[in-house]
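Report on one structure; see the data block that follows.
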Amino acid sequence: DEQLRDLEAGLQDAARRELGLMERHTREQELWGERAQAEEAVAAQLEQAHQQAEAMLVEARAHTEAATAQREQESDKAIDAAREATDALFRAEQAEEKQLEAA
């Protein structure tokens with residue numbers, strides 16, 4: 001009778017240990033699943049941040065190119081205006097010389 005109780009107690013202990021191991025295994029699987037989901041979420045966030053950074057870089061390059069083109073255009077206009085002023089000054093000097101020669 002006592003052996004039966006000892007055997008029964010041993011079986012109950014073994015069953016509890018087995019149940020504990022199964023619960024632990026299940027929890028470990030849940031944790032690994034949660035970790036995998038977290039890693040996937042972080043990877044997705046990193047990819048999105050990378051794409052946003054690339055888009056910002058493209059936009060910045062476009063602004064830089066537009067600003068450079070505008071500066072070049074303004075510089076060309078200033079050069080043209082300076083040439084026109086130089087030409088006008090030269091013509092005025094020539095006209096003055098002709099007047100002096102005529103006088």
Side-chain angles (χ1 to χ4, degrees):
D1 201 33
E2 190 173 320
Q3 285 181 335
L4 188 57
R5 277 184 264 159
D6 288 345
L7 181 60
E8 190 176 299
L11 288 174
Q12 286 177 352
D13 285 344
R16 279 193 289 270
R17 281 194 303 272
E18 183 66 25
L19 181 60
L21 288 173
M22 290 174 57
E23 288 174 349
R24 181 175 159 205
H25 180 70
T26 301
R27 182 63 187 143
E28 286 175 355
Q29 286 181 328
E30 290 172 355
L31 290 173
W32 280 108
E34 290 171 6
R35 179 178 176 173
Q37 288 176 345
E39 288 174 351
E40 289 174 7
V42 168
Q45 289 173 347
L46 288 173
E47 179 62 26
Q48 184 180 9
H50 180 75
Q51 289 175 356
Q52 288 174 343
E54 284 182 348
M56 291 170 65
L57 181 59
V58 167
E59 186 177 345
R61 283 183 185 150
H63 284 296
T64 301
E65 290 172 3
T68 300
Q70 183 178 356
R71 281 193 303 273
E72 288 174 355
Q73 187 178 25
E74 290 170 357
S75 177
D76 289 346
K77 285 181 183 178
I79 290 170
D80 290 343
R83 283 185 185 143
E84 289 175 14
T86 303
D87 290 346
L89 181 60
F90 179 72
R91 286 192 300 273
E93 287 176 356
Q94 283 184 334
E96 185 180 330
E97 285 177 13
K98 285 182 183 179
Q99 285 179 353
L100 288 177
E101 287 177 6

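Index from 1, following the sequence.
- Note that the CD atom of Glu101 and the NZ atom of Lys98 stand 8.5 Å from one another [nearest 0.5 Å].
- With values rounded to the nearest 0.5 angstrom, Met22 atom CE is found 15.0 Å from Arg17 atom CZ.
- Distance CD/Glu65 to CD/Glu72: 10.5 Å, rounded to 0.5 Å.
- For Glu30, the side-chain hydrogen bond (donor to acceptor under 3.5 Å, both in side chains) criterion is met by Arg27, not counting sequence neighbours.
- With a 4.5 Å cut-off between side-chain heavy atoms of Ile, Leu, Val, Met, Phe, Trp and Tyr, the cluster of Leu11 takes in Leu7.
- Residue Arg83 places its CZ atom among 12 or fewer non-hydrogen atoms of other residues, nucleotides or ligands, all under 6.0 Å distant.
- Between Glu84 atom CD and Lys77 atom NZ the span is 12.0 Å, to the nearest 0.5 Å.
- Side-chain contacts under 4.5 Å among hydrophobic residues (ILVMFWY), followed directly or transitively, place Leu19 with no other residue at all.
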### Task
Please test Leu57 against Glu54 for side chain to side chain contact (heavy atoms under 4.5 Å, CB included), starting from the C-alpha separation and ending with a verdict.
CA-CA 5 Å; Leu57 181 59; Glu54 284 182 348; 5.5 Å; no
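- At distances below 3.5 Å, at least one donor-acceptor pair connects side-chain atoms of Thr64 with backbone N or O atoms of Ala60.
- Taking CE of Met56 as the start and CD of Gln51 as the end, the distance is 14.0 Å to the nearest 0.5 Å.
- To the nearest 0.5 Å, atom CG of residue Leu4 and atom CD of residue Glu8 are 6.0 Å apart.
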#### Entry: Trace of the side chain to side chain contact (heavy atoms under 4.5 Å, CB included) decision for Arg91 with Asp87
CA-CA 6 Å; Arg91 286 192 300 273; Asp87 290 346; 3.4 Å; yes
